[in-house]
Amino acid sequence: MNPFVATERLYASKLKSYSPVMVKLGLCNMSIKLSKRVLIKYLFEKGKIGNEYVVAGWVDALRIHGGVVFIILRDRSGKIQIVAKKNVAKSAWESAKELSVESVIAVRGELVSSKAALGGRELLAKELVVLSRADPLPIDVKDYEKTILAKRLDWRYLDLRNPRNLAIFLIEAEMARAAREWFYSHDFVEIFTSKIVGAATEGGAEVFSIVYFDKPAFLAQSPQLYKQLGVIAGFERVFEIGPAFRAEPHHTTRHLTEYTSLDLEMGFIDSYEDVMNIVEDLIKYMVTKAISKYKSEIEEYFPNAIADLPKKVPRITIREAYKLLEQAGMKVEWGEDLSTEAERKLGEIIEKEYGSTLVFVIEYPWRVRPFYTMRKPDEPEWTLSFDLLFRGLEIATGGQREHRYEVLKRQLEEKGLNPKNFEWYLNMFRYGAPPHGGAGIGLERVVMQALGLPNIREARLLPRDPERLVP
RNA sequence: GCCGCGGUAGUAUAGCCUGGCCUAGUAUGCGGGCCUGUCAAGCCCGUGACCCGGGUUCAAAUCCCGGCCGCGGCGCCA
């Protein structure tokens with residue numbers, strides 16, 4: 001049995017009986033059975049000219065003439081032209097000429113070859129049933145550029161009827177799948193940590209407050225402390241793909257208040273170099289898998305997408321970065337974090353000098369890094385940490401963590417945090433904690449930079465920003 | 001949070017600076033008509049809008065003030 005038909009029969013077998021709604025709609029009386037449905041792709045790959053098939057999907061386009069109606073029907077596998085002719089099947093033609101774009105229909109028809117039709121085949125309708133008629137559309141589904149992003153997001157489910165916008169999420173899903181595959185094959189254990197927390201994890205980014213019965217609580221801004229728990233507990237290597245929340249009122253094209261964080265943490269490392277090796281390998285695997293699987297979609301819809309990734313990702317210290325930026329005529333503050341403009345500029349410089357769209361910037365100043373970061377033994381003002389920039393935008397942060405109890409406690413206090421709030425966390429380091437490190441990767445940012453999207457909201461199914469909470 | 005730009009039919013825009021000729025233009029959508037090979041179908045007819053409140057003026061889409069909403073830059077971050 002061919003895989004397309006098999007999938008559809010699997011669905012059908014779950015529908016043991018018709019629902020009262022179907023009876024009311026008269027769907028039980030129609031001679032088209034959705035259980036006999038084949039995917040459109042099947043008609044082009046395996047369909048026999050002259051045979052009858054049932055297809056169903058959305059009306060992608062409509063061209064209504066006098067005695068003939070052309071319908072471009074779309075399902076998840078592709079598109080095919082349906083022809084309804086008055087002198088072939090009058091009732092099918094009558095239904096067809098009353099259709100609207102994006103309505104859902106089922107068609108029984110004969111597969112015929114046609115020089116004029118796309119792909120050389122079309123379906124000559126014998127019977128056509130309107131399963132759900134669509135009202136006039138509030139946004140332009142055919143050409144997404146004709147509607148501003150804010151309105152598209154208000155009607156996200158219609159926006160995704162556009163294959164370009166849907167492709168973003170197919171690619172994102174493939175990246176996440178590839179990441180999991182990579183982690184599992186490298187002996188990492190997937191963990192699922194709580195997103196409701198009693199204390200802010202890092203003290204840096206703003207957190208969302210929630211009410212947890214009678215206690216104050218927060219939405220987790222990062223699984224940082226819990227993935228360290230995983231390592232110390234004895235998993236040694238853990239990862240998590242989950243949401244992270246940031247209550248920063250950003251108005252930019254690269255921030256979300258809720259995003260997907262791809263986190264990893266590993267024990268028994270010699271240095272943060274080990275973590276960078278892992279991150280480099282992982283990112284390459286994720287991105288390469290996705291862009292090769294969706295090569296044709298990317299060529300068709302994303303002119304600014306990257307073609308491939310560099311073989312070797314350069315690693316430069318932030319002090320070298322300051323120098324490069326100064327040489328390029330930019331004013332930089334030594335010992336400070338890189339500004340947005342500086343990161344962008346650095347991305348350009350590295351791409352020109354090293355031919356790489358990716359760059360690790362290492363040894364960030366202690367004053368801009370969180371308390372758990374391990375400092376450079378010989379130069380304590382600098383840290384064993386890194387950021388990964390992709391086309392001038394930070395997509396990952398990581399480093400080696402401080403695992404020595406006394407040092408960690410001192411660093412916590414130095415950052416002005418109250419050790420009482422971190423008691424459970426500090427205690428972990430009293431009962432055997434291996435040297436370890438890890439990183440966090442922003443999934444939407446990877447997608448955005450890989451595809452060259454102008455706004456990160458495009459890479460999030462239902463984005464949350466300071467204003468947007470619906471849908 | 002600070003700063004800047006904007007809000008005109010379902011959608012996208014013109015008009016605003018320099019108030020009147022705006023009965024608000026165009027494209028697309030939508031409704032109707034003609035059409036049996038279209039493929040962004042075509043042709044004809046029709047439909048539909050100045051964010052809200054206040055002010056200035058003989059006169060406001062246009063100028064001023066307030067509000068709401070949207071977009072972007074920065075800081076910060078993934």
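These numbers come from the heavy atoms of this one structure, side chains and all, not from hydrogens, waters or symmetry mates. Reminder, nothing fancy here: chain letters follow the sequence lines and each chain counts from 1. Only a predicted model underlies this, so the values are computations on that prediction, with no experimental measurement involved.
No contact: Ser100(A) has no heavy atom under 4.0 Å from any strand. Residue Gln449(A) is out of contact with every strand shown, counting any heavy-atom pair closer than 4.0 Å. Lys142(A) comes within contact range of no nucleotide atom at all, as no heavy-atom separation falls under 4.0 Å. Nucleic acid contact class of Ile395(A) (heavy atoms, under 4.0 Å, all strands): sugar-phosphate only. Residue-level contact check: Gln81(A) touches the bases, meaning some heavy atom is under 4.0 Å from a base atom. Residue contacts shown for Asn87(A) include a base, since a base heavy atom lies under 4.0 Å away. Contact annotation for Arg344(A): backbone-only contact, meaning every heavy-atom pair under 4.0 Å involves sugar-phosphate atoms and none involves a base. The residue Arg457(A) sits close only to the backbone: its heavy atoms come under 4.0 Å of sugar-phosphate atoms, none of a base. At a threshold of 4.0 angstrom between heavy atoms, the contacts of Thr340(A) include nucleobase atoms, whether or not backbone atoms are also involved. Within 4.0 Å (heavy atoms only), Ile148(A) reaches sugar-phosphate atoms of the nucleic acid but no base atom. Among the heavy atoms of the strands lying under 4.0 Å from Ala116(A) is at least one base atom, whether or not backbone atoms are also near.
Base-pair partner of G20(B): C58(B) (Watson-Crick or G-U wobble, both distances under 3.5 Å). Across the strands present, C50(B) finds no partner; the criterion is a Watson-Crick or G-U wobble pair with both atom distances under 3.5 angstrom. Using Watson-Crick or G-U wobble geometry with both donor-acceptor distances under 3.5 Å, G72(B) finds its partner in C3(B). Across all strands shown, A27(B) forms a Watson-Crick or G-U wobble pair, both distances under 3.5 Å, with U11(B). Figure legend. G37(B) is base-paired to no nucleotide; pairs are counted as Watson-Crick or G-U wobble with both atom distances under 3.5 Å.
When the side-chain nitrogen and oxygen atoms of Arg369(A) are compared with OP1 and OP2 of C76(B), none of them lie within a distance under 4.0 Å. Close to G10(B), at under 4.0 Å from its OP1 or OP2, lies no side-chain N or O of Lys151(A). In terms of phosphate contacts, Thr147(A) brings no side-chain nitrogen or oxygen within less than 4.0 Å of OP1 or OP2 of A12(B). Taking side-chain N and O atoms only, Thr253(A) has a distance below 4.0 Å to OP1 or OP2 of G73(B).
Considering only the side chain of Pro138(A), G10(B) comes nearest among U38(B), G10(B), C77(B). In the set G75(B), A78(B), U36(B), the nucleotide with an atom closest to the side chain of Lys86(A) is U36(B). Looking at the side chain of His251(A), the nearest of the listed nucleotides G72(B), G37(B), C77(B) is G72(B).
Put simply, CZ on Phe390(A) is 14 Å from C1' on A78(B), counting in whole angstrom units. We find that NZ of Lys146(A) is positioned 15 Å from P of U11(B), with the value rounded to whole Å. For the pair Asn455(A) CG and A78(B) P, the interatomic distance rounds to 19 Å; values are reported in whole Å. Residue Asp60(A) contributes atom CG, which lies 11 Å from atom C1' of C39(B) at whole-angstrom precision. Note: CG (Leu62(A)) to P (G31(B)) measures 10 Å, nearest angstrom. For Asp465(A) and A78(B), the CG to P distance is 19 Å, given to the nearest whole Å. The distance between atom CD of Glu206(A) and atom P of C2(B), rounded to the nearest whole Å, is 14 Å. Between the CD atom of Glu343(A) and the P atom of C74(B) there is a distance of 10 Å, given to the nearest Å.
For the salt bridge (charged side-chain N to carboxylate O under 4.0 Å, His left out) with Arg315(A), the qualifying choice from Glu273(A), Glu363(A), Glu320(A) is Glu273(A), the only one to do so. When each of Val279(A), Thr397(A), Thr317(A), Val361(A) is paired with Phe386(A), the side-chain contact (heavy atoms from CB on, under 4.5 Å) condition holds for Val279(A) and for no other. Shown are Arg161(A), Arg37(A), Lys41(A); of these, the salt bridge (charged side-chain N to carboxylate O under 4.0 Å, His left out) with Asp75(A) is made only by Arg37(A). Only one option out of Leu282(A), Leu388(A), Asp263(A) pairs with Ile441(A) in a side-chain contact (heavy atoms from CB on, under 4.5 Å); it is Leu282(A).
Not counting sequence neighbours, the partners of Asn165(A) by the side-chain hydrogen bond (donor to acceptor under 3.5 Å, both in side chains) test are Arg152(A), Asp159(A).
Near RNA chain B, defined here as any heavy-atom distance below 4.0 Å, there are no residues from residues 157-176 of chain A.
Mapping Gly67(A) and Asp337(A) onto RNA chain B via the closest heavy atom, the residue that lands nearer the 5' end is Gly67(A). The nearest heavy atom of RNA chain B to Ile64(A) and to Val68(A) marks one nucleotide each, and the one closer to the 5' end goes with Val68(A).
Donor-acceptor pairing under 3.5 Å, judged by distance alone, is present between the side chain of His255(A) and the base of C76(B). Taking 3.5 Å as the limit, the base of C77(B) and the side chain of Arg445(A) contain a donor-acceptor pair of atoms between them. With hydrogens and angles ignored, no donor-acceptor pair under 3.5 angstrom links the side chain of Glu341(A) to the base of G75(B).
Distance check on atom P: G15(B) versus U8(B) gives 14 Å, rounded to whole Å. As rounded to the nearest Å, G10(B) and A49(B) have P atoms that lie 7 Å from one another. Atom name C1', nucleotides U57(B) and U62(B): the rounded distance is 13 Å, in whole Å. To the nearest whole angstrom, the two P atoms, one in A14(B) and one in G7(B), are 9 Å apart. Nucleotides C68(B) and C52(B) are separated by 16 Å at their P atoms, to the nearest Å.
Of the possible polar contacts, none joining the Thr260(A) side chain to the Gly242(A) backbone as a donor-acceptor pair under 3.5 Å is found. The closest donor-acceptor contact from the side chain of Asn162(A) to the backbone of Val141(A) lies under 3.5 Å.
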Got a list of side-chain donor-acceptor pairs under 3.5 Å for residues 171-183 of chain A, not counting sequence neighbours?
unit_1, atom_1, unit_2, atom_2, d
Glu174(A), OE1, Arg177(A), NE, 3.1
Glu174(A), OE2, Arg177(A), NH2, 2.9
Arg177(A), NH1, Glu181(A), OE1, 2.7
Arg180(A), NE, Glu190(A), OE1, 3.3
Arg180(A), NE, Glu190(A), OE2, 3.0
Arg180(A), NH2, Glu190(A), OE2, 3.1
Glu181(A), OE2, Tyr285(A), OH, 2.2
Trp182(A), NE1, Asp281(A), OD2, 3.3

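Under the 3.5 Å distance criterion, with hydrogens and angles disregarded, a donor-acceptor pair is assigned to the side chains of Glu240(A) and Thr193(A). Donor-acceptor pairing under 3.5 Å is recorded for the side chains of Trp334(A) and Glu326(A).
Between the side-chain ring of Phe70(A) and the base of G37(B), no stacking contact exists by the 5.5 Å and 30° definition.
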inquiry  = Would Tyr425(A) and Tyr372(A) count as a ring-ring contact (aromatic ring centres under 6.0 Å, His included) here? Give the steps.
reply    = CA-CA 11 Å; Tyr425(A) 176 75; Tyr372(A) 51 76; 7.3 Å; no
